[in-house]
2 protein chains.
Amino acid sequence: MDSEAPAKRPRNAANTRAAILAAAKALLAERGFAGWGVNAIARAAGYDKQLIYRYFGGMDGLAEAIAEDVSAWMQTALVRPDHSAPPASYAEMMARVAVALLDALRSDPLAQKILAWELSAPSKLATAFSEARGKALSGWIARERGTLQRPAGIDAPMLNALLIAAIQQLVLSGAASGRFLGLDLRDDAGWDRVRSGVAGLTRAMYR
Amino acid sequence: MDSEAPAKRPRNAANTRAAILAAAKALLAERGFAGWGVNAIARAAGYDKQLIYRYFGGMDGLAEAIAEDVSAWMQTALVRPDHSAPPASYAEMMARVAVALLDALRSDPLAQKILAWELSAPSKLATAFSEARGKALSGWIARERGTLQRPAGIDAPMLNALLIAAIQQLVLSGAASGRFLGLDLRDDAGWDRVRSGVAGLTRAMYR
DNA sequence: GGCTTGTGTCACTAACCGGTGATAGTTAAC
DNA sequence: GTTAACTATCACCGGTTAGTGACACAAGCC
């Protein structure tokens, strides 16, 4: 019976730091940034909040650590699946990138919460993440583009920004309320419609 | 010298109610929903928070009152300026609607904060406002469309939703951080670029 | 053995939050 | 003038927050 023993954990600063970081990320992904603070995180991690100050220097440092973490993950996540045929045109390439971004965002509640945070309040985590995301995205597009000709006479960066903005907004709205204007974003059928809409829109842009 | 007199205000329930409502809206528009609560609102309005409970039944009622207020305003705000020529094509119509929506949203911090709130947490104010906004928008488009032919073979509601989603996201990002991906949204030059991008995109959609 | 360093917990503060009951002051009806 | 209803304020409650100082314990070093 070890039910009475206070569960002697081995003391290890690295492990503890990682556990706090994981708990902070999980809490942010689950419940968003409302009520995201030292008390809740320490409680969820099972450690005293004092350790958040000791290992991260407070919430700001913790937020930075999360931003680094997520950014690093994103750099590796945004890649074309091996051996898939390279895109035949700029329009085709952007259509693929857009749909891939949509699916990646939709399956990542943590990124959603950070994006929503970005829109609600300027913060260290938000801006750091925003810049990292921008770099990862443009690097991804540049890699995918390869030697493809960018269409002439068109403000392609602007159109791409509009496309990505639309995707972000739809993912955030879908996660928050399950719909956007008339669209039903609660099940895969709705998202299939969005995917084909995004693909069609991209081709129309660069036709 | 009335500097010592406690500024005897005439007692008037209607005035007080309006003052509280105005303070609540102003506070929400300025600082967003973080820290938006009875204490801050009562302090800003210059009345005791008890009156919020008496006149609105609490924060929920106050939020509903704001939603009604903003919805009513929106119904009247989304109209084509008098005597402007009716649009010649569906594409032209949607381009105008999109740019008008962009400008309207951009000049309304309160609507921005409510939209951002919608994305962060489901709430009565958010959902009520969301539905009202949807109705106002579709009504507006229907009115503007008049007898124009909707393009065939195209999922127009989907494309319009993407367009509006992009606009919303850009306005929110611009207000929060002044930029989106590579775009600079801090001054009118950046927004001019967005406007022409939106107009071009709309025409490309419905070409 | 003793001692230092690192790890983790506890207890406490001051400030804020939403919410409520009692009370004072004003107005209006009678 | 008296009384009743309305308007507004105050003082407090329990709970939560961020942040800090003091303490207990473990590991390793000498």
Side-chain angles (χ1 to χ4, degrees), chain A residues 2-24 27-28 30-66 117 120-126, chain B residues 2 4-25 27-28 30-66 117 120-126:
Chain A
D2 57 3
S3 65
E4 296 198 356
K8 289 232 179 187
R9 249 178 327 211
R11 297 188 164 204
N12 184 320
N15 283 355
T16 302
R17 210 191 107 105
I20 291 175
L21 190 60
L27 215 56
L28 183 57
E30 275 175 33
R31 312 196 191 170
F33 51 88
W36 193 71
V38 278
N39 291 311
I41 292 172
R43 207 179 307 128
Y47 289 93
D48 193 272
K49 62 180 169 181
Q50 171 75 17
L51 299 182
I52 294 178
Y53 294 97
R54 191 172 298 163
Y55 292 143
F56 296 94
M59 289 301 294
D60 284 356
L62 182 54
E64 279 179 33
I66 291 182
W117 194 357
S120 302
S123 71
K124 304 220 166 159
L125 174 59
Chain B
D2 57 2
E4 297 196 356
K8 289 232 180 185
R9 248 177 329 209
R11 297 188 163 204
N12 184 321
N15 284 355
T16 302
R17 208 192 108 104
I20 291 174
L21 189 60
K25 286 168 62 178
L27 215 56
L28 184 57
E30 275 175 33
R31 311 196 191 170
F33 51 89
W36 193 71
V38 278
N39 291 309
I41 292 172
R43 207 178 307 128
Y47 288 94
D48 193 272
K49 61 180 169 181
Q50 171 75 19
L51 300 181
I52 294 177
Y53 294 96
R54 203 194 315 273
Y55 292 142
F56 297 94
M59 289 301 295
D60 284 355
L62 182 54
E64 279 178 34
I66 291 183
W117 193 356
S120 303
S123 70
K124 305 218 167 161
L125 175 59

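Chain naming here is simple, since letters A, B, ... match the order of the sequence lines and numbering starts at 1 in each.
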Could you give the side-chain donor-acceptor pairs of residues 16-23 of chain B under 3.5 Å, partners two or more places apart or in another chain?
from	atom 1	to	atom 2	distance (Å)
Thr16(B)	OG1	Asn12(B)	O	2.9
Arg17(B)	NH1	Tyr55(B)	O	3.3

Donor-acceptor pairs under 3.5 angstrom involving side-chain atoms of residues 36-54 of chain B: please list them, not counting sequence neighbours.
from	atom 1	to	atom 2	distance (Å)
Trp36(B)	NE1	Ala24(B)	O	3.0
Asn39(B)	OD1	Lys49(B)	NZ	3.0
Asp48(B)	OD1	Gln50(B)	N	2.9

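Rounded to whole Å, the distance from CD1 on Ile20(A) to P on dT7(C) is 12 Å. With rounding to whole Å, Leu27(A) atom CG is found 11 Å from dT17(D) atom P. In this structure, the CG atom of Asp60(A) is 12 Å from the C1' atom of dA18(D), given to the nearest Å.
Here Ser120(B) pairs with Ser120(A) under the side chain to side chain donor-acceptor pair (under 3.5 Å) rule; sequence neighbours left out.
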5' to 3', nucleotides 8-21 of chain C under a 4.0 Å protein heavy-atom cut-off (B base, S sugar-phosphate only, - none) gives BBB------BBBBB
